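Take a look at the structure set out below.
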Number of protein chains: 2
Amino acid sequence: MIPENDDYLVLEKQLCFSLYSASHRLVRSYRLLLEPLDLTYPQYLAMLVLWQQPELNVKDLGEKLHLDSGTLTPLLKRLENKGFVSRTRSQQDERVVHIRLTEQGQLLKAQASHIPKTIFQQSGLPLEQLQQLKHSCDLLFQQLEAL
Amino acid sequence: MIPENDDYLVLEKQLCFSLYSASHRLVRSYRLLLEPLDLTYPQYLAMLVLWQQPELNVKDLGEKLHLDSGTLTPLLKRLENKGFVSRTRSQQDERVVHIRLTEQGQLLKAQASHIPKTIFQQSGLPLEQLQQLKHSCDLLFQQLEAL
DNA sequence: TTGAAGTATATTGCACGCAATTCAATTGAG
DNA sequence: CTCAATTGAATTGCGTGCAATATACTTCAA
């Protein structure tokens with residue numbers, strides 16, 4: 001018996017659907033934790049970068065987050081409206097916009113410090129399995145990106 | 001030395017970011033393959049279900065896809081406009097909407113048959129690793145869903 | 001020096017996800 | 001039997017993702 005191609009067109013067998021569902025479900029878990037900070041999950045990702053590197057431009061932020069200006073520009077304007085970042089054109093090169101963490105944005109970091117551990121506990125999986133999951137995701141991303 | 005909570009607030013260490021990036025990147029790979037079929041990735045997921053079960057209602061479809069009516073109603077209207085499904089109110093219970101695969105929708109299945117294998121090849125990862133990745137995602141989803 | 005190519009960000013448009021609300025139909029307790 | 005509670009879809013509103021395009025600025029070669 002040669003298996004039909006058909007056999008692979010089943011939702012439950014598709015890696016991508018599992019990845020897609022787990023990713024959305026995990027973001028939903030973050031939502032509850034981020035609500036007190038008035039952050040969405042993608043906004044939280046941007047803040048993670050800024051907490052490590054309090055100033056960088058949109059292009060560099062986009063490369064770290066794998067997002068383009070079409071996504072980042074409105075997202076960063078919302079963070080600016082909330083007072084967590086400032087956006088200023090570079091004097092040297094008027095095309096570049098510097099994103100800077102504000103004091104208020106810096107203060108948020110303390111409120112977020114418990115989140116990684118909380119999520120880890122909610123996952124209920126052993127650390128080793130989560131690390132391997134992360135590793136496989138990173139590898140998959142690299143492979144597809146390299147095409 | 002006790003590690004600071006701070007140490008976990010690093011983008012590159014976060015499983016969720018890896019999952020989030022890999023998921024979006026994989027959907028992007030599907031996009032190219034689905035363009036000839038005039039389907040988006042979530043629409044493709046709905047078609048996968050219908051190819052196995054040519055008629056079901058919105059609620060059951062939503063449970064399979066982990067999506068609610070706010071997402072599905074407009075998505076299904078688009079599939080209806082393309083002629084791939086029909087939407088009809090149940091006679092027995094006027095609240096229920098039956099989604100049915102059309103002949104044209106059935107024909108799409110043949111055009112999609114190559115996709116799973118193509119994606120597998122593009123991933124460049126061994127089947128075993130992909131299966132384990134899928135398994136961990138499924139487990140993670142279950143754990144978070146159970147809370 | 002000047003204009004063509006390249007670059008960084010912004011804008012537009014479309015399709016999700018999903019919370020919150022609405023609405024009509026159905027069910028079920030008293 | 002009746003009306004309050006429940007249910008299945010639809011609607012509304014907001015924030016992404018991302019392709020495509022636009023715009024302003026910069027660089028670079030002839």
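Labels below follow one simple rule: chain letters A, B, ... track the order of the sequence lines, proteins then strands, and each chain is numbered from 1. None of the values given here were measured: they were computed from a predicted structure.
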message = Of the options D:dG8, D:dT16, C:dC16, whose atoms approach the side-chain atoms of B:P42 most closely?
response = C:dC16

query = What does A:R87 touch in the nucleic acid at a heavy-atom separation under 4.0 angstrom: a base, only the sugar-phosphate, or nothing?
reply = sugar-phosphate

ask   = So which nucleotide from C:dA25, D:dG15, D:dA9 ends up closest to the side chain of A:Q43?
value = D:dG15

inquiry  = Looking only at the side chain of A:T40 (C-beta and beyond, no hydrogens), which of the listed nucleotides D:dC25, D:dG17, D:dG15 gets closest?
reply    = D:dG15

task = Report yes or no: do A:Q132 and B:Q132 form a side-chain donor-acceptor pair below 3.5 Å?
result = yes

task = Take A:D93 and B:Y41, find for each the nucleotide of DNA chain C with the closest heavy atom, and name the residue whose nucleotide sits nearer the 5' end.
result = A:D93

task = Report the residue (A:G70 or B:S69) whose heavy-atom-nearest nucleotide on DNA chain C is the more 5′ of the two.
result = A:G70

message = Is there a path of hydrophobic side-chain contacts, each under 4.5 Å between heavy atoms of I/L/V/M/F/W/Y residues, joining A:F120 to A:L45?
response = yes

request  = Just compare D:dA9, D:dA24, D:dT16 and give me whichever is closest to any side-chain atom of A:R95.
outcome  = D:dA24

key: B:V96-B:V49 co-clustered via ILVMFWY side chain contacts under 4.5 Å   = no

Closest-nucleotide 5' rank along DNA chain D - winner of B:V58 and A:T71 = B:V58

Non-hydrogen side-chain atoms of A:C16 and B:Y30 separated by less than 4.5 Å = yes

note = Considering only heavy side-chain atoms of B:D68, the closest of C:dA8, C:dC18, D:dT16 is C:dC18

ask   = Taking the side chain of A:R89 as its heavy atoms from C-beta onward, which of D:dT16, D:dA10, C:dA10 lies nearest to it?
value = C:dA10

inquiry  = Taking any heavy-atom pair under 4.0 Å as a contact, classify B:Q92: base, sugar-phosphate, or nothing.
reply    = sugar-phosphate

